> 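Handing you this structure, nothing more for now.
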Amino acid sequence: ATSYAWAARRRWVSPSGLRFLCDNEPASNQERFSIFIIADFMRDSRMSNTYDVIAIGGGPAGSSAAAILAEYGHRVLVLEREKFPRYHIGESLIPFTFQPLERLGLIEKMRRSHFVKKYSVRFIDPNGSSSQPFYFFNRYDRETIAQTWQVLRSEFDEMLLNHARDKGAEVREETKVTGLLRDEADKVIGVRAIGPDGVETEYHAPITLDCTGKEAYAMVRNGWRVRDPFLSKVAVWTYYRGAKRAEGIDEGETIVAYVREKGWFWYIPQHDDMVSVGVVAEGKYLSRDGVRDPEQIFQREIEENAWIKDSLAVGQQVGDYYVTSEYTQHSRHCGSDGLLLVGDAFAFLDPVFSSGVMLAMKSGVLVGEELHRAFGENDLSPKQFTHYARTIRKSVENMRKLVYAFYEQDFSFSDLIKRHPDAAGPVADCLSGDMNKDYSELWDQIREIVPLPDELGVGDPLVACSV
């Protein structure tokens with residue numbers, strides 16, 4: 001072990017002991033021989049539980065990052081608390097999810113799947129009057145970005161996790177991380193976790209990815225969480241079989257149906273004649289008159305939108321009623337020495353525009369690429385991930401502005417476009433997931449109607465000089 005640590009410090013083997021990384025030859029044949037003996041020992045025995053990268057969480061962010069890194073030949077460990085397939089909400093993809101899916105090599109598998117194809121979104125007023133469908137192919141290529149999917153997350157997430165396995169990542173399910181390991185300089189050097197056998201084990205890596213979703217393991221424990229008070233909603237949802245759905249190309253359309261107090265229903269058609277349907281609003285609105293039971297809340301809100309009431313009347317409610325907070329949160333930093341936050345663990349945004357899965361996969365793919373570059377440069381210092389942080393933060397800030405506008409009482413997209421017909425394209429681009437463009441003109445146009453938030457100025461990595 002001492003010889004291995006010595007060799008790793010000389011950068012002649014990687015932290016996992018699996019690759020020979022030197023830029024220059026060892027000083028002597030004896031040193032060269034020692035390095036290969038150590039690498040072979042580490043490869044064969046794997047007694048050290050040492051990896052190049054550890055990902056906490058096997059959801060879309062963790063699986064995407066793991067697949068990219070494993071594809072490049074890095075030794076990756078994914079620690080997932082649950083046993084897949086497992087239930088998860090967040091079932092509607094947006095068009096620009098195509099890009100991370102394409103990078104991962106999963107487009108053809110998605111096309112062969114039984115997931116319902118999604119080409120459009122439609123908005124319904126409380127009285128039941130409907131907008132025309134907003135077809136993505138009116139702006140994007142119909143065969144690529146303009147067609148996405150409504151997914152069952154248990155199946156979709158398992159597909160992503162198995163893809164990471166297929167690429168070479170080691171996945172350990174039913175394994176709960178109980179702590180981050182740190183050295184004397186406070187650098188994260190791995191994790192402590194309890195497996196399904198109840199045994200606690202330490203795993204080491206020069207970089208750990210927090211992909212724990214809304215739970216935001218490291219954000220919370222490091223005191224980095226920044227709330228977004230205006231975006232503090234509650235969601236109540238369930239499933240229906242046999243409820244109304246459109247036909248043909250509109251079968252997979254997402255419905256956003258408004259209720260009072262700027263609340264809204266999602267209505268997402270899924271395969272096997274199922275529909276995911278839920279209501280999102282301020283907690284004080286949903287719990288008015290002292291109502292706390294999720295079923296009672298949901299059934300009462302059905303009466304607040306004529307289209308939802310009519311569409312569900314012919315179906316049968318199936319399974320449980322669920323409730324969760326949809327509190328938007330941001331991390332003050334994307335990470336620190338030895339630690340990176342990915343997906344919802346970096347920033348969780350109100351789900352009204354279904355951006356969560358796309359942002360998780362986008363950040364996972366980007367982290368994979370950035371880490372591979374950093375490994376090649378033998379430099380995993382926090383500053384290496386500034387580009388990653390600012391790319392994802394720009395995406396979040398752009399979508400955050402549209403979410404803020406959506407919840408303003410005096411705002412509607414139709415009014416905006418009546419005032420500024422040229423705003424229709426940029427709105428469609430941002431809502432579809434093309435979030436890293438310059439939308440400054442659009443924000444000026446919206447500010448003529450309602451205020452928009454300033455950028456939070458968070459997300460850069462925590463570097464030693466700033467402590």
Side-chain angles (χ1 to χ4, degrees), residues 54-62 65 79 81 88-90 176-182 186-188 191-193 207-235 280 282-284 323-353 355-360 362-364 366-367 382 385-386 388-404 407 435 452-464 466-467:
I54 296 170
I56 312 172
L79 300 176
R81 182 177 58 188
H88 205 285
I89 193 61
K176 180 180 179 181
V177 170
T178 57
L180 298 175
L181 303 177
R182 298 178 184 270
D186 207 36
K187 175 183 178 180
V188 174
V191 303
R192 185 180 300 108
I207 195 79
T208 295
L209 306 180
D210 180 358
C211 310
T212 56
K214 280 175 59 180
E215 179 184 319
Y217 187 93
M219 182 200 301
V220 172
R221 286 159 179 79
N222 287 337
W224 293 347
R225 181 161 58 189
V226 177
R227 291 289 197 189
D228 218 331
F230 186 67
L231 303 180
S232 296
K233 312 298 180 182
V234 173
V280 179
E282 294 282 350
K284 62 183 180 181
V323 61
T324 189
S325 65
E326 297 290 4
Y327 295 164
T328 295
Q329 61 184 17
H330 313 265
S331 180
R332 196 171 305 280
H333 300 288
C334 74
S336 59
D337 203 3
L339 175 69
L340 271 176
L341 279 54
V342 191
D344 287 350
F346 184 23
F348 174 77
L349 193 60
D350 183 283
V352 62
F353 297 131
S355 58
V357 173
M358 194 283 293
L359 282 170
K362 177 179 179 176
S363 64
L366 183 56
V367 156
F385 307 106
T386 302
Y388 157 72
R390 294 181 180 177
T391 299
I392 298 304
R393 282 307 311 174
K394 184 173 183 179
S395 295
V396 170
E397 289 288 0
N398 280 335
M399 186 62 82
R400 176 173 170 258
K401 287 183 174 66
L402 279 188
V403 173
Y404 261 72
Y407 281 116
M435 299 181 195
L452 289 178
D454 294 330
E455 294 190 0
L456 292 172
V458 300
D460 276 4
L462 179 66
V463 296
S466 65
V467 175

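This is a predicted model, so every value here is computed, not measured.
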> What pair of heavy atoms forms the shortest contact from Ala347 to Arg393, and how long is it?
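Where Ala347 meets Arg393 most closely, the heavy atoms are CB-NH1, 3.7 Å.
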> State whether the side chain of Tyr217 and the backbone N or O of Cys211 hold a donor-acceptor pair below 3.5 Å, judged by distance alone.
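Looks like no, no N/O pair under 3.5 Å.
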> Name all residues meeting the ring-ring contact (aromatic ring centres under 6.0 Å, His included) criterion together with Tyr388; count only those two or more places apart in sequence or in a different chain, and write none if there are none.
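Once residues adjacent in sequence are excluded, the partners of Tyr388 under the ring-ring contact (aromatic ring centres under 6.0 Å, His included) criterion are Phe346.
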> Going by the side-chain contact (heavy atoms from CB on, under 4.5 Å) test, name the single residue among Ile392, Val357, Val342, Val367 that passes it with Lys362.
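Answer to the side-chain contact (heavy atoms from CB on, under 4.5 Å) test with Lys362 among Ile392, Val357, Val342, Val367: Ile392.
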> For residues Met399 and Met358, determine if any side-chain heavy atom of one lies less than 4.5 Å from a side-chain heavy atom of the other.
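Heavy-atom side-chain distance check fails, nothing below 4.5 Å.
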> Taking ring-ring contact (aromatic ring centres under 6.0 Å, His included) as the test, write out the residues that go with Phe353, two or more places apart.
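Scan of Phe353 (ring-ring contact (aromatic ring centres under 6.0 Å, His included), adjacent residues dropped) gives Phe406.
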> One thing to verify: whether Glu455 and Lys401 come together as a salt bridge, which I'm taking to mean a side-chain N less than 4.0 angstrom from a carboxylate O.
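Answer for the salt bridge query: yes.
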> With heavy-atom distances below 4.5 Å as the criterion, would you say the side chains of Lys233 and Val352 are in contact?
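Contact flag for Lys233/Val352 side chains = no.
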> Using atom types as modelled and distance alone, determine if a side-chain donor or acceptor of Thr328 lies under 3.5 Å from a backbone N or O of Asp350.
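Pair found, side chain donor or acceptor close to backbone of Asp350.
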> List the steps, then state whether side-chain contact (heavy atoms from CB on, under 4.5 Å) holds for Ser331 with Val458.
CA-CA 7 Å; Ser331 180; Val458 300; over 6 Å; no
> Would you check if Arg81 and Thr212 make a side-chain contact, meaning some heavy-atom pair closer than 4.5 Å?
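Not in contact.
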> Working to the nearest 0.5 angstrom, can you tell me the gap between Met435 CE and Glu397 CD?
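It is 12.5 Å, given to the nearest 0.5 Å.
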> With the side chain counted from C-beta on, respond yes when Leu231 and Leu349 share a heavy-atom pair under 4.5 Å apart, and no when they do not.
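Heavy-atom side-chain distance check passes, below 4.5 Å.
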> Using a cut-off of 6.0 Å, state whether more than 12 heavy atoms not belonging to Lys176 lie near its atom NZ.
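Open.
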> Any donor and acceptor pair, going by atom type alone, linking the side chain of His333 with main-chain N or O of Gly459 inside 3.5 Å?
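A pair under 3.5 Å: no.
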> Report the residue from Asn222, Leu209, Ile56 that forms a side-chain contact (heavy atoms from CB on, under 4.5 Å) with Leu339.
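Of all the options given, the one that passes is Asn222.
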> Please report the C-alpha distance between Asp337 and Asp186 in whole Å, then the side-chain angles of each, then the deciding distance to 0.1 Å, and finally whether the side-chain contact (heavy atoms from CB on, under 4.5 Å) criterion is met.
CA-CA 8 Å; Asp337 203 3; Asp186 207 36; over 6 Å; no
> Minimum heavy-atom separation for Leu79 to Ala193, with atom names?
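Scanning both residues, the minimum pair turns out to be CD1-CB, 4.1 Å.
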> Report the distance from atom CG of Leu341 to atom NE2 of His330, rounding to the nearest 0.5 Å.
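One finds 13.5 Å between CG of Leu341 and NE2 of His330.
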> Strictly by salt bridge (Lys or Arg N to Asp or Glu O under 4.0 Å), give each pair with a member in residues 219-230 just once, sequence neighbours left out.
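For residues 219-230: Asp228-Arg400.
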> Just checking Arg182: does its CZ atom have more than 12 heavy atoms from other residues, nucleotides or ligands closer to it than 6.0 angstrom?
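It does: Arg182 CZ has more than 12 such atoms within range.
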> For Arg192, is there any backbone N or O sitting under 3.5 Å from a side-chain donor or acceptor partner on Thr178?
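Such a contact is found between Thr178 side chain and Arg192 backbone.
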